[in-house]
Amino acid sequence: MEKILILDFGSQYTQLIARRVREAQVYSELHPWDMTEAEIRAFNPSGIVLSGGPNSVYEDETPKAPDCVFELGIPVLGICYGMQTMAAQLGGAVETGHVREFGYAEIQSCGDSPLLRGIEDKEGGVLDVWMSHGDKVSGLPEGFHVICSNESTPIAGMADENRHFYALQFHPEVTHTHQGKAMLSRFVHDICGCAREWTMPHYIDEAVAHIREQVGDEEVILGLSGGVDSSVAAALLQRAIGAQLTCIFVDNGLLRLNEAEQVMEMFAGNLGVKVDHVDASEKFLSELAGVSDPEAKRKIIGREFVHVFQDEAERMPNAKWLAQGTIYPDVIESAGSKTKKAHTIKSHHNVGGLPDTLHLKLLEPLRDLFKDEVRELGVALGLPREMVYRHPFPGPGLGVRILGEVKKEYADLLRRADAIFIDELRASGWYDKTSQAFVVFLPVKSVGVMGDGRTYEWVVALRAVETQDFMTAHWAELPHALLAKVSNRIINEVRGINRVVYDVSGKPPATIEWE
Ligand code: XMP
């Protein structure tokens with residue numbers, strides 16, 4: 001299959017380049033800019049994209065594209081910083097230290113370059129683009145000509161048509177550049193000559209064959225959480241090696257209303273997957289008794305999960321593989337360039353944290369896919385849309401949505417309140433307009449009045465956010481009538497809760513979950 005290599009110089013938009021290329025049905029992978037020549041040659045790309053990035057080309061030790069990028073004889077597209085480093089590396093000039101240009105700009109496409117020919121927002125080759133840069137190219141390298149420009153950025157795009165090197169100062173990968181998709185399609189289809197081969201049916205055939213070859217006749221276990229990734233991984237493995245797959249589903253007592261039943265019905269019932277359903281709720285809740293510190297709770301839940309999973313796995317001595325729902329963004333994150341750093345705000349617990357004492361080989365059937373591709377795959381494999389497009393649910397479940405000490409009584413009240421909120425969001429069409437929504441249990445009692453009597457009961461908070469990446473988020477501006485309905489239903493239907501509040505905090509400074 002023909003593929004595009006994207007070298008990551010650290011821009012916040014780099015993942016979007018890979019997604020846009022895949023949306024154009026061409027397979028692409030993202031690698032750190034310091035990928036070695038041997039790795040690049042082994043990858044055998046049909047074209048290379050150099051991403052944007054935060055650096056200035058004239059700083060000390062700035063990231064550079066490996067020289068071989070310009071020697072392989074294949075097309076290269078530089079975007080923003082990628083354009084500047086291309087210019088600097090090929091003998092052009094870059095002006096640094098300018099005022100940052102950020103936001104919409106109009107540019108004029110000027111020549112007859114195959115990258116932009118016939119693409120325009122307004123007649124005469126005018127394009128609406130998204131700029132985000134400080135430096136700009138001020139002198140063309142030999143062999144290049146200007147392909148688009150405006151007053152403040154006279155070289156907004158350049159090309160060497162003979163060597164098939166192209167560069168754009170703006171970001172074609174963001175939707176604000178209205179014709180960005182068309183430009184990337186030009187690059188990968190017309191200039192690199194890639195066929196439209198990256199389609200779901202094609203992927204399923206390849207993935208099934210690959211899994212069969214990898215696994216042979218050995219047995220596989222998979223931790224099924226009910227989340228999108230493990231569910232889709234289970235469905236794909238079922239398709240590939242059904243009889244050799246056993247899923248372990250651990251009920252930790254912190255799941256949503258009827259979740260265990262739904263997972264069992266879907267997988268064991270509809271898809272015929274072998275599912276080992278372990279009800280460990282009492283164990284989890286007794287370990288959590290008396291613990292109120294959020295990080296301590298997370299650690300206990302993570303540790304107990306490992307214990308339970310390990311006990312179950314040991315009862316399957318024939319299993320040789322542990323399958324996990326790792327997806328491409330996880331792979332990119334853990335690969336990272338040598339210059340990237342991460343900062344832990346909350347210690348996330350996922351099935352990924354299993355110790356290697358199980359001596360199982362790791363099988364990661366989704367590791368090439370972005371989240372939206374995982375969802376598309378899930379639907380193609382017959383999972384219900386509702387399940388595949390569900391909001392994310394954290395590994396520690398309701399454990400981080402019950403503030404302070406976790407008790408069964410609280411979890412039961414929270415489950416019912418949460419189900420009402422989600423039900424009303426779906427009924428009103430707001431579920432798909434929010435990225436994540438849930439109820440939080442506050443261990444506080446407040447006074448209320450119901451009928452003729454005084455009540456003294458618990459408070460819950462509704463949380464609904466809109467976000468692209470879950471790193472920053474806005475609270476969702478839900479209609480007042482919807483909030484009123486949810487509040488009424490919760491207070492009337494869930495005995496023990498007499499007050500509902502709405503969380504109007506953004507991230508940052510708040511986080512999405514309350515713990
Ligand atoms: P925060 O609360 O940090 O959450 O703004 C960002 C996203 O991560 C999810 N989240 C978790 N997911 N294990 C998970 O698998 C965890 O421990 C965890 N904590 C938060 C959260 O639901 C939101 O989508």
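Atoms within a ligand are numbered from 1 in the order they appear, just like the ligands themselves.
- On a distance-only criterion, P396 and ligand 1 share no N/O pair closer than 3.5 Å.
- Close contacts between ligand 1 and T511 involve ligand atoms 1 (P), 2 (O), 5 (O) [criterion: under 4.0 Å to a heavy atom].
- Taking distance alone, with nitrogen or oxygen atoms compared against 3.5 Å, G395 approaches ligand 1 more closely than that limit.
- The pair K433-E466 does not count as a salt bridge, with every side-chain nitrogen at least 4.0 angstrom from each carboxylate oxygen.
- Using a 4.0 Å cut-off between charged side-chain N and carboxylate O, E173 and R20 make no salt bridge.
- Which of H391, K507, E513, R463 comes nearest to atom 3 (O) of ligand 1 through a heavy atom is settled by distance: it is K507.
- Inspection of the Y13 and Q15 side chains reveals no N or O donor paired with an N or O acceptor under 3.5 Å.
- Ring-plane geometry between F441 and W458 is classed as tilted, the angle between the planes lying from 30 to 60 degrees on a 0 to 90 degree scale.
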